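Keep in mind that this is a model prediction, so the values were computed, not measured. Numbers here are sequence positions counted from 1.
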Amino acid sequence: MALQLWETLQQAITAYTGLTPATFFTALAFGLAIYYLLSSLFGPSDPPPRPRSFQEEVQPLPPPVQLGEVGEEELKQYDGSDPKKPLLMAIKGQIYDVSQSRMFYGPGGPYALFAGKDASRALAKMSFEDKDLTGDISGLGPFEMEALQDWEYKFMSKYVKVGSIKKEVPVTDGSSSEQPATENGDAKPATSEADDVKPAEDAPSMAAEHTEVPPTSVESKED
C-alpha cells in the first residue's frame with residue numbers, strides 16, 4: 001500500500017513539475033533553508049516591549065495603610081490625583097481603600113468625582129451633582145436610605161476600612177459667664193452694680209447709728 005502511494009506521488013511530481021522526485025525534494029529542502037536563513041537575519045529577535053501603562057497595571061497593589069481619624073480636607077488628598085497615594089472614599093463617615101477599583105474611582109473613571117470625599121448623599125440619590133457630594137444624609141427618604149445601605153454593605157465586603165472622618169465641633173461666639181460656687185456647691189447669683197453700690201449708700205446711716213452721743217449735764221434745781 002505504501003509502495004503504491006510512493007509510486008503515485010513520483011508520477012504526480014513528474015507530471016506537474018517536470019522534475020524527477022530527487023530533484024524536486026532537493027529544491028524544496030534548499031528553499032526551506034533559504035527561508036529560515038532570511039528569517040533569522042531580518043526577522044525580529046525580541047518581542048516588542050509592552051507599554052508602560054500595562055506594566056503599571058500588573059504591579060501588585062501596596063497593602064492598605066490605616067489612617068485613623070482624619071478631616072474632610074485631608075481626605076481630599078487621596079482622590080487619585082497622586083498615583084503614589086492610595087485611592088480613598090468614605091460612606092457614612094467610614095473611609096475605605098478603593099485602590100483596586102482605580103478604573104472606576106480613579107481619574108477618568110465613571111465615579112471619579114466620589115473619590116476623596118464622603119459621597120453618602122450622592123450614592124443614596126445616585127446623583128452626580130456637586131451639592132450632593134457630602135456626608136449629610138438628613139432628609140433622605142426610605143428608598144434612598146436603603147440604597148445607601150446596599151452601597152455600604154458592598155464596600156464593607158469588598159474594600160478595607162482604613163479610617164473614619166473626624167467630627168468637627170462648631171465653635172460658638174461669645175464666652176459663657178461662669179458663676180462662682182458657694183460653700184454648699186450652689187452657684188452664686190450674679191449681683192448687679194446697684195447692689196454693689198447699695199452698702200456704700202447706707203454707710204452714713206449705719207455710721208450714725210453707731211455714733212455715741214455724749215451725755216449732757218442737767219442741773220436739778222430744788223425749789
Side-chain angles (χ1 to χ4, degrees), residues 39-178:
S39 299
S40 61
L41 292 176
F42 301 102
S45 57
D46 298 328
R50 294 179 177 179
R52 182 181 178 88
S53 59
F54 179 81
Q55 294 178 359
E56 292 179 354
E57 289 180 1
V58 298
Q59 289 181 355
L61 295 173
V65 178
Q66 294 295 327
L67 296 180
E69 196 175 28
V70 299
E72 294 183 356
E73 290 298 325
E74 186 177 354
L75 181 61
K76 292 180 181 179
Q77 302 177 7
Y78 301 92
D79 59 353
S81 57
D82 188 352
K84 296 181 180 179
K85 293 183 178 180
L87 184 63
L88 305 182
M89 180 180 167
I91 293 182
K92 297 174 69 174
Q94 306 301 314
I95 304 174
Y96 297 90
D97 189 335
V98 295
S99 300
Q100 66 187 62
S101 299
R102 189 174 289 270
M103 65 179 62
F104 295 104
Y105 300 102
Y111 304 114
L113 73 167
F114 297 155
K117 304 180 186 68
D118 187 337
S120 300
R121 191 174 191 87
L123 291 174
K125 300 175 63 176
M126 289 305 297
S127 171
F128 293 93
E129 298 182 7
D130 292 338
K131 64 179 182 179
D132 293 326
L133 296 176
T134 176
D136 182 13
I137 57 175
S138 59
L140 295 178
F143 293 103
E144 295 170 336
M145 292 298 296
E146 184 177 357
L148 179 60
Q149 191 69 35
D150 292 340
W151 276 102
E152 185 180 16
Y153 286 152
K154 175 184 176 181
F155 271 62
M156 291 173 62
S157 60
K158 187 175 181 180
Y159 305 115
V160 178
K161 177 185 172 183
V162 296
S164 59
I165 295 181
K166 185 186 302 182
K167 300 293 183 180
E168 297 181 358
V169 180
V171 179
T172 57
D173 297 335
S175 57
S176 59
S177 59
E178 297 182 356

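- With a 4.5 Å cut-off on side-chain heavy atoms, I91 and L148 count as touching.
- Side-chain contact between W151 and K92: absent, with no pair of heavy atoms (C-beta onward) separated by less than 4.5 Å.
- For the side chain to side chain donor-acceptor pair (under 3.5 Å) test, no residue two or more places apart in sequence or in another chain qualifies with S164.
- Residues L88 and Q77 have side chains not in contact (no heavy-atom distance under 4.5 Å, counting atoms from C-beta outward).
- Side-chain contact between F155 and V98 is present, with heavy atoms from C-beta onward closer than 4.5 Å.
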*asked:* Walk me through whether I137 and M145 qualify under side-chain contact (heavy atoms from CB on, under 4.5 Å).
replied: CA-CA 8 Å; I137 57 175; M145 292 298 296; 4.0 Å; yes
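- To the nearest 0.5 Å, atom CG of residue D132 and atom OG of residue S120 are 11.5 Å apart.
- Without hydrogens or angle criteria, D118 side chain to G93 main chain gives a donor-acceptor distance under 3.5 Å.
- Checked against side chain to side chain contact (heavy atoms under 4.5 Å, CB included), K161 has the following partners two or more places apart in sequence or in another chain: Q94, Y96.
- Under a 3.5 Å cut-off, the side chain of R121 and the backbone N or O of S138 do form a donor-acceptor pair.
- Taking S81 as the reference, D79 meet the side chain to side chain donor-acceptor pair (under 3.5 Å) condition, with sequence neighbours excluded.
- In this structure, D136 places its CG atom where more than 12 heavy-atom neighbours from other residues, nucleotides or ligands lie under 6.0 Å away.
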